[in-house]
Amino acid sequence: MTILVNGEEGNRIDARDRGLQFGDGVFETLRLHGGVPQLWSRHWERLCLGLDRLGIPRVPERACLDDLSRVAAAPLSLAKLIVTRGVGPRGYAVPARVHPTRIVIGGDALSGEHDRPWLHIGVCGTRTGHNPLPGCKHLNRIENILARMEWGPDWDEGVMLDRNDHVVSGTQGNLLLLEGRTLVAPTVQEFGIAGTRRAWVMERAARAGLQVHEARVGLRRARDADAVFLSNSRIGLRPARWVGDHATLADPADGSESMALMLEIGHELNEMA
Ligand SMILES: C=C(O[C@@H]1C=C(C(=O)O)C=C[C@H]1N)C(=O)O
């Protein structure tokens, strides 16, 4: 695995880095096609939104892209880009001079992501906290880690709720619900992360003729949806079924016209360079 810190190969980070001390930074997980990140402009926009909100100077886009092309492990792989505020003394006060740390971690080759027709989802007890940087992917992910620890042996994802029992997302991706000809995305205005695939799929589904909207969604409504989909950079868009649900079709391809359309959109997303 190749790791680059500010463009230099190696995995040594200053122990005073504020990313480590306080989670003071943002990250993106990217799907690389031949070293080129899929949906880069969306990842870059979200990364910059987080950096701007935190007042961390933007790192050069060209340097990020060069780093990512250097860590690509296979024709299709995952990589992670982290930007922190850099080194600082003890205490939360932001140093007068900031030199961001840019970390790029090459990941595993992607394969076997689509072996099974459905992913299995359970419901986690750990609630997702309010996101002080709405939609952004900051480095403080303790709730996701606690929720991830709750997964049962046959789970592929765990749904996280907010304190009012509204569905927010999965522990490591977003949820989309199909209700007839309507695609409903649980809102991420206050909680959760505005997923790059989530946004792409919503736009694509709207162009294909589905009604698409964001909403506050309770767990009952999510369970009653005609179909549930999960999205993130690794899996793209995949149909899911609730753990213990025996009523769902054996094969998602036997579902409705809207289901077929969503599967087609998922296929298109996966194939897209
Ligand atoms: C893509 C996945 O999860 C995302 C990536 C990370 C990570 O790179 O560490 C963590 C959580 C998610 N944002 C996945 O399917 O695991």
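The figures that follow rest on heavy atoms only: side chains count, while hydrogens, waters and symmetry mates do not. Counting starts at 1 for both ligands and their atoms, following the listed order. Since the model is a prediction, treat every value here as computed from it, not as a measurement.
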Report the part of Gln172 in contact with ligand 1, treating N, CA, C, O as backbone and CB onward as side chain, heavy atoms under 4.0 Å; options are side chain, backbone, both, neither.
-> both
Do side-chain atoms of Asp165 reach the backbone of Gly218 as a donor and acceptor pair under 3.5 angstrom?
-> no
For ligand 1, which atoms have a heavy atom of Lys137 less than 4.0 angstrom away?
-> 13 (N)
Within 45° of the ring axis of Trp151 and under 6.0 Å from its six-membered ring centre, is that where the NZ or CZ of Arg148 lies?
-> yes
Counting both backbone and side chain atoms, is some N or O of Ser233 under 3.5 Å from an N or O of ligand 1?
-> no
Take Asp66 and Arg62, measure what salt bridge (Lys or Arg N to Asp or Glu O under 4.0 Å) needs, and give me the verdict at the end.
-> CA-CA 6 Å; Asp66 286 348; Arg62 187 69 257 162; 3.2 Å; yes
Who passes side chain to side chain contact (heavy atoms under 4.5 Å, CB included) against Ile82, sequence neighbours left out?
-> Phe27, Lys80, Thr84, Ile103, Ile105, Leu139
Identify the protein heavy atom lying closest to atom 10 (C) of ligand 1, giving its residue, its atom name and the separation to 0.1 Å.
-> Phe27 CE1, 4.4 Å
Number the atoms of ligand 1 from 1 as they appear, then name those within less than 4.0 Å of a heavy atom of Thr29, with their elements.
-> 5 (C), 6 (C), 7 (C), 8 (O)
among protein heavy atoms, the one nearest atom 9 (O) of ligand 1 is Lys80 NZ, 2.7 Å
Would you say Asn232 touches ligand 1, if touching means a heavy atom closer than 4.0 Å?
-> yes
With heavy atoms and a 4.0 Å threshold, my read on which part of Arg141 contacts ligand 1 is neither
Calculate, to the nearest 0.5 Å, the distance between atoms NE2 and CG belonging to His43 and Leu68 respectively.
-> 9.5 Å
Distance-only donor-acceptor check, side chains Trp155 and Glu150, under 3.5 Å = no
